[in-house]
2 protein chains.
Amino acid sequence: MVEAEDIPSEESTRSKILRTALELFHQGSFNGTSVNQIVVKAGITKGALFHYFKGKNELGYAIVDELLRESVQENWVFPLATSDDPIGYITELLRAFEKEMQETPEMVECGCPLNNLSQEMSSMDSSFRLRLRDVYQEWEDCLDASLRRGIEAGKVRKGIDPAAVAKVLISVFQGSIGMMKVHQTREFSMGLKEGLIQILDQLKP
Amino acid sequence: MVEAEDIPSEESTRSKILRTALELFHQGSFNGTSVNQIVVKAGITKGALFHYFKGKNELGYAIVDELLRESVQENWVFPLATSDDPIGYITELLRAFEKEMQETPEMVECGCPLNNLSQEMSSMDSSFRLRLRDVYQEWEDCLDASLRRGIEAGKVRKGIDPAAVAKVLISVFQGSIGMMKVHQTREFSMGLKEGLIQILDQLKP
DNA sequence: AATCAAAAACCGACCAGTTGGTATGTTGTC
DNA sequence: GACAACATACCAACTGGTCGGTTTTTGATT
């Protein structure tokens, strides 16, 4: 609390490694990125990387446990923690995403880092899979809870199964980002957004 | 016509390479699979592989253009070519998939080869991306057309935007398979299926 | 039907570059 | 002086890819 953590004039070597590796994994892929690339881009040496992480896989695990989990919490868990209007929040997110798409096309070009890593690694390495699953579970749980509150508050249709809908929503978000990465056209993204809103509207009372 | 093509006692080397490579790419990943692994598993030599394909990437392109496209056509394009009841067909598919899940858990363990390759390669190599996009476009077009026929036939709700819904449906299918790969539990798959059916029901008149 | 050249199919040793990872340091700090 | 935080040189294994050579198939000619 005393330290000026919010102005890290000198980022720690460990977090620099994590951040750089995530960036490269995001642009490329886990298997397609070498530890040499990481240390060069991070401006450090291999000794530093293997001092903090036992191996490339362990570095990947730390990225999931720390950075990716944090990202899900920031975008979903915290905003929905007490909300009883998940549909409203998601609709807002879609609109915000539309503007973010133009300014920083990172997401539409490279997809979602969580989804990318999941698709590439979860069938190869069960340590990856279980850690990634935990992150998704947090996401699903908070969506589920928010949907339940929404039903009670009369902001979500009564007939739906919150647990099942939460699973579908996460699937459709991850799938959508994946499809946008393949199509890379504003036309497709807008059409998809239109369809998502139509689906979301069906969840309203 | 005269030849007994339907009993290929001896598979051609080229198709053996394609089939084996797809299998390895499916279980692992493109970058995570070496050409040595492919030639060993296929029981051929490196000379044969590079005789038929200019490089590893070209082999990947051929897999997309031939095997993956074929698979989409078999499962979607041909069945929906003249159908005016896409929701009924998809519901059937979901039920069939449930049984396939138990017998051959390949899809739930390793995901969808088309989705896997898309997520891994489309941001790395635009040749991959464009070929994969074409396959998805075929899928989307046939779904779109079938939804339109469904609306006319009174089997699909009038209010929906067929093009937008087609995009969402493909996204949710690809996303769902990806999530199942991460969770690997029957519990999750069943919950997801339940949610998908609820979404599909909303598309009925 | 036999012949033969040319082309296609295929082999496997070899290559330079890269891979993830290690061993042995040196440096700064409590 | 002990210990964490790095740096550097190095390694065996493997990477995608090449290349000269051999076998097999093909198609035209006799």
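Labels below follow one simple rule: chain letters A, B, ... track the order of the sequence lines, proteins then strands, and each chain is numbered from 1.
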Separation of atom CZ in B:Phe50 from atom P in C:dG12, rounded to whole Å: 16 Å
Matching residue for B:Ile151 among B:Asp84, B:Leu203, B:Val156 - test: side-chain contact (heavy atoms from CB on, under 4.5 Å): B:Val156
B:His51 side-chain N/O to C:dC10 phosphate OP1/OP2 under 4.0 Å: no
Sugar-phosphate only, base, or nothing, as touched by B:Thr33 at under 4.0 Å among non-hydrogen atoms: sugar-phosphate
Protein-nucleotide distance (B:Asp125, atom CG; D:dG16, atom P), rounded to Å: 15 Å
Nearest-Å distance for atom pair CZ/C1', residues A:Phe53 and C:dT22: 18 Å
B:Lys46 NZ to C:dA13 P, straight-line distance once rounded to whole Å: 12 Å
Aromatic contact, A:Tyr61 with A:Phe53 (centres under 6.0 Å): no
Neighbour count >12 (heavy atoms, 6.0 Å) for atom CD, B:Glu187: no
Whole-Å gap separating P (D:dT18) and CD (B:Glu58): 11 Å
Phosphate contact (D:dT15 OP1 or OP2) by B:Ser34 side-chain N/O below 4.0 Å: yes
Length of the CG-P vector between B:Asn57 and D:dG16, whole Å: 10 Å
Any A:Thr13 side-chain nitrogen or oxygen under 4.0 Å from OP1 or OP2 of D:dA5: no
Passing candidate, side-chain hydrogen bond (donor to acceptor under 3.5 Å, both in side chains) with B:Asn116, options B:Lys181, B:Gln27, B:His26: B:Lys181
Aromatic plane relationship, A:Trp139 with A:Trp76 - under 30° parallel, 30 to 60° tilted, over 60° perpendicular: tilted
Rounded distance in Å - CG (A:Asn36) to C1' (C:dG21): 10 Å
5' priority, DNA chain C, between B:Arg14 and A:Asn31 [closest heavy atom]: B:Arg14
Base of C:dG21 paired with side chain of A:Lys56 (donor-acceptor, under 3.5 Å): no
Distance below 4.0 Å between B:Tyr52 side-chain N/O and C:dA8 OP1 or OP2: no
Between C:dT19 (P) and A:Leu49 (CG): distance, integer Å: 14 Å
Short side-chain N/O contact from A:Thr45 to OP1 or OP2 of D:dT8, under 4.0 Å: no
